[in-house]
Amino acid sequence: MDRFIAAMIGSLMALAAAQARAQVSDDVVRIGVMNDQSGLYADIGGPGSVAAAKMAVEDAGGTVLGKPISVVFADHQNKPDVGAAIARRWFEVDKVDMAIGFDNSAVALAVQQLAADQNRIVIAGAVGSTAFTGKSCTETSASWVYDSYALTTSLAKAIVAQGGDTWFFVTVDYAFGHSLEESAANAVRSAGGKVLGSVRHPLNTSDFSSYLLRAQASGAKVIALANSGGDMVTAIKQAKEFGITGRQSVAALLVFLSDVQSMGIEAAAGLKFVTAFYWDRTPETRAWSQRYFDRQGRMPTMVQASIYSAVRHYLRAIAAAGTDESKTVMAKMRELPVDDFYARNAPLRVDGRLVHDMYLAEVKSAADVKRPWDYYNIMKTIPGDQAFQALKDGGCPLAAR
């Protein structure tokens, strides 16, 4: 009995010592979700990403290292200067420890260096620019969903192999679109195809007629849409109205579940694309997605699922590290693999890239849809080490250390 009591006392003293060593700045772990809350990308992440982050906090018990976890959010309006101003206030005044989301490459790149300077963590959701984990990589940044290389390389090669060997790009004119076009064009050429030209449009374009007519006049077999969200939906609908899809194939380089819901199954049927997540793929994805649906009334996009995964991993890393100090937490995030419904045993590389499987998908025909949100056929799993660019080829300065 004396030995038992002594052991208990020893355990309690060890626990007390561990708690004493644990450090949480300002006695609160603050997470900031920044994205487009009301514009053309709002369905991709928006309020749904905030809900996913709060789910992750609730599932962690609402505390970490005995301290409360707070979630704040803001709308960057798809403007890099607005995003940078929000981030600066968050880091310097509001003491936000980690910012997540963005869903806009230009905003993400603007915040990334600011976070590094302030020793804060930044995790990208829907950010396609390869620069984020390439030349602009930092010790305190990570990218959880995709980049333009992962979205386009497998897809472009598959389309060229099926005879779609001449391409024309309709590209949104900012960092994301440029990166998407560049990666797809490189994949087309490496597969033996040709790029006949491209045209660029402003973000949030309502009339694609001039751009689509130029693409049609090029004679390319494939008109590739290097855009996303509302821009992609509008372009697809107008291409069908002009009869372009009957003579030329339209390839959407980035498709979200919310896009299919928005444009309707008749317009979206047959689209092939690469995705990071689909709610109906496994029992685990279905179980989590049903919980999300019960809160939000809609199934999650890949971005919203990724926000939950990233926040949970961040909180686990804090618990394991015994501190919320950014570089220490990031080191622990890289040490611990991500193993959840979103990604199975996925490593976080030194450049910040979460290397997880991607999936080649096709939108079902209306006749094959059996219930609401039953939109995708998963045609192929693309292993993470094939889906994403090799570390040595990405240009991240940290990779050379």
Side-chain donor-acceptor pairs under 3.5 Å in residues 383-394, sequence neighbours left out?
none

*asked:* Please report whether the ring centroid of Phe256 lies less than 6.0 Å from that of Tyr41.
replied: no
_Gln261 versus Asp259, side-chain donor and acceptor atoms under 3.5 Å_ = no
*If you look only at pairs with a residue in residues 332-401, which of them pass as a disulfide (SG to SG under 2.5 Å), with sequence neighbours excluded?*
Cys137-Cys396
*Test side-chain hydrogen bond (donor to acceptor under 3.5 Å, both in side chains) applied to Glu58 - qualifying residues, sequence neighbours left out*: Arg295
_Which residues pass the ring pair (Phe, Tyr, Trp, His ring centres under 6.0 Å) test with Tyr292, not counting sequence neighbours?_
Trp288
*Partner set under salt bridge (Lys or Arg N to Asp or Glu O under 4.0 Å) for Asp27, not counting sequence neighbours*: Lys67
*asked:* With ring-ring contact (aromatic ring centres under 6.0 Å, His included) as the rule and sequence neighbours excluded, what pairs involving residues 313-333 come up?
replied: Trp144-His313
*Sequence neighbours left out, what passes side-chain hydrogen bond (donor to acceptor under 3.5 Å, both in side chains) with Gln296? Give chain and number order.*
none
_List the residues meeting side-chain hydrogen bond (donor to acceptor under 3.5 Å, both in side chains) with Arg349, not counting sequence neighbours, and say none if there are none._
Asp351
*Quick one: side chain to side chain donor-acceptor pair (under 3.5 Å) pairs with a partner in residues 182-197, sequence neighbours left out?*
Ser148-Ser183
Residues 154-167, side-chain donor-acceptor partners within the protein, below 3.5 Å, at least two apart:
residue : atom : partner : partner atom : Å
Asp165  : OD1  : Lys221  : NZ           : 3.0
Thr166  : OG1  : Lys221  : N            : 2.9
Trp167  : NE1  : Gly164  : O            : 2.8

*Quick one: side chain to side chain contact (heavy atoms under 4.5 Å, CB included) partners of Ala346, sequence neighbours excluded?*
Val338, Ala343, Leu354, His356
*Arg286: what forms a side-chain hydrogen bond (donor to acceptor under 3.5 Å, both in side chains) with it, not counting sequence neighbours?*
Asp280
*So does Arg281 pair up with Asp357, basic N to acidic O under 4.0 Å?*
no
